[in-house]
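Numbers for residues simply follow the sequence, beginning at 1.
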Amino acid sequence: MKIGIPTEIKNNECRVSITPAGVFELIKNNHIVYVQSRAGEGSGFFDKDYVRAGATILPTIEDIYQKSEMIVKVKEPIEKEYSLIKENQIVFTYFHFASSKKLTKAMIDSKAICIAYETVEDMDGTLPLLTPMSEVAGRMSIQQGAKYLEKPIKGRGILLGGVPGVKPGKVLVLGAGVVGVQAAKMAAGLGAHVTIMDINMKRLRYVNDILPNHVVTEFSSEYSIRKHIKTHDLIVGGVLVKGGKAPKLITRDMLKEMRPGTVIVDVAVDQGGCFETTKATTHQEPTYIIDDVVHYSVANMPGAVPYTSTIALTNVTLPYVISIANNGWEKACAIDKALYKGLNIIKGDVVYAEINEAFNLKFIEA
C-alpha cells in the first residue's frame, strides 16, 4: 500500500504521525511510504532520517494526498486539506467529529474512509490510541495550569506546592480517567492538595489505592462541584464521552463563584469542552479571561511537546497502520474488533452512532 505522511498544518502543531522507526517497519512489510519534506522537523526527525528508513520524500502536501492510498495524520484535516482528500482514500487520524459539524460534512462529502484514533476501543473499554496523548495532556494540564496561576499572567499568584509556612495550592480534577489520574499524579507530585471527582466509583477506588493521601476522591455532582470551585485555585476538566460531546460540568454562572485569578484547564476541548465558556485556543494564544477566570483550552496540548508525543503516538498506532496496509481496511477491521470501532465515516455514510447523535445525521451500521 502507498502510505502518505503529510506535514501537520494546524496552528503550532509540531507532531508528525510516524517516526522513522515506524517507517522502517512499514518498508519491511513491502509498503511504499511518502513523507512530506520537513514533516518531522518539529519533532526532531529530519528528512535524512526518513530516507535512511526507506521513505520517499515529496515536496508538497498536494503530492502526498495525490499519490497515497492511506493518509496517516496526527490531527483532523483542516479546511485547506478538505479538497485534497480523495474518494476511497483511507484517512487514519484523530478526528473528534462530534466537535465540528463542518469537518463531519466535509468528510462525508469526500467519500473517504475515516478511521478515528480516539474511537478505537479494546474489549475492556479502554481507548489504546487515545491513552498516550491523554497521558501527555493530563500531565501538561498541571504544568500549564501552574504557569498561568502566576500573577503576571493574571492568575491568583499561587505556587501550587507552597513553601514551609504557606499552604499549598488546591487543584480540582473533574474526571478520574486517564487525563484525570495523570493530572492528579502531577499535581500531587508538586505538593498541591488535590480533589478528584467522578461518577464512577470503580475509578475513584482505583485512584484512592494508587495515589497519596493528599489526593482526595469524591463522587461528582453539581452540588459538590459548585462547593469546590469556590476554594480551588486550579480546575482541570478531563471528562470523556467516547466519540461524543463532553458534558458541561461548569456553566457560565459558576465562574462568578470562583475567586479572581482561578485557572481552568479544559482538556476535553477536542470533544467540545466540559466548561460552558470553553472555546478552542492555540499554543500561540492559549488563554482568555472571562469574569476574572483564566481559561486555558488549547485543542492540541501534546503538540507543545512533539518529540515525546510523536514517539508515544507511533508506539500505539503503528500496529494498526501495518494491519490496515497489509490487509486493506475492510479485512483489518473484520479481524480486529478494536479497529472496527474506529470506523466513523465510510464513503459518505456515518457509521458511528455518537456522531449521528451530535448532529442528528443519518446513521448506518458498519
Side-chain angles (χ1 to χ4, degrees), residues 134 137-150 153-162 167-201 203-208 210-240 246-269 271 273-278 287 289-298 301:
S134 294
R139 294 182 176 215
M140 283 190 67
S141 68
I142 302 302
Q143 183 172 302
Q144 297 299 316
K147 177 171 73 176
Y148 288 100
L149 276 170
E150 296 173 10
I153 321 176
K154 307 302 182 184
R156 291 199 65 231
I158 298 288
L159 181 65
L160 277 184
K167 290 181 180 180
K170 299 180 75 174
V171 177
L172 176 63
V173 180
L174 302 178
V178 176
V179 167
V181 170
Q182 295 301 319
K185 184 183 295 185
M186 286 292 284
L190 289 173
H193 180 281
V194 183
T195 301
I196 183 166
M197 306 180 74
D198 204 296
I199 57 174
N200 185 331
M201 285 303 302
R203 292 300 301 175
L204 293 181
R205 290 189 179 99
Y206 172 74
V207 171
N208 198 67
I210 67 165
L211 292 181
N213 291 336
H214 60 288
V215 177
V216 178
T217 58
E218 187 170 335
F219 189 83
S220 183
S221 68
E222 182 179 341
Y223 181 89
S224 296
I225 292 172
R226 285 183 178 273
K227 176 183 70 175
H228 285 303
I229 61 175
K230 297 175 183 179
T231 60
H232 283 68
D233 306 299
L234 170 60
I235 301 168
V236 176
V239 298
L240 173 69
K248 304 300 182 188
L249 300 184
I250 292 182
T251 55
R252 173 66 184 262
D253 68 291
M254 291 183 182
L255 300 186
K256 297 185 183 301
E257 300 295 318
M258 301 178 191
R259 293 173 295 190
T262 297
V263 175
I264 60 177
V265 178
D266 196 343
V267 186
V269 60
Q271 297 294 110
C274 60
F275 307 147
E276 188 177 12
T277 48
T278 289
T287 63
I289 297 174
I290 299 176
D291 292 340
D292 295 321
V293 173
V294 180
H295 293 58
Y296 179 98
S297 50
V298 174
M301 289 176 65

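- At least one side-chain heavy atom of F275 sits under 4.5 Å from a side-chain heavy atom of L174.
- Comment: E218 engages K227 in a salt bridge, judged by a side-chain N to carboxylate O separation of less than 4.0 angstrom.
- Atom CD1 in I264 sits 11.0 Å away from atom CG in L172 (nearest 0.5 Å).
- Shown here are the salt bridge (charged side-chain N to carboxylate O under 4.0 Å, His left out) partners of R156, two or more places apart in sequence or in another chain: D233.
- Rounded to the nearest 0.5 angstrom, R205 CZ and N200 CG are separated by 9.0 Å.
- A heavy-atom distance below 4.5 Å is found between the side chains of V239 and P247.
- Side-chain contact between R139 and M301: absent, with no pair of heavy atoms (C-beta onward) separated by less than 4.5 Å.
- Remark: K154 does not engage D292 in a salt bridge, criterion side-chain N to carboxylate O under 4.0 Å.
- Within a 6.0 Å sphere centred on CD1 of I199, heavy atoms belonging to other residues, nucleotides or ligands number 12 at most.
- No more than 12 heavy atoms of other residues, nucleotides or ligands sit less than 6.0 Å from atom CG of N213.
- Rounding to the nearest 0.5 angstrom, the gap separating the OG1 atom in T231 from the NZ atom in K170 is 3.5 Å.
- The nearest pair of heavy atoms linking A188 to P212 is CB-CG, 4.0 Å.
- Residues M140 and V267 are not in side-chain contact: their nearest non-hydrogen atoms beyond the backbone lie 4.5 Å or more apart.
- The CG atom of D291 sits 9.5 Å away from the CE atom of M258 when rounded to the nearest 0.5 Å.
- Remark: T277 OG1 to K248 NZ distance equals 9.0 Å, nearest 0.5 Å.
- Distance NE2/H295 to CD1/I235: 9.5 Å, rounded to 0.5 Å.
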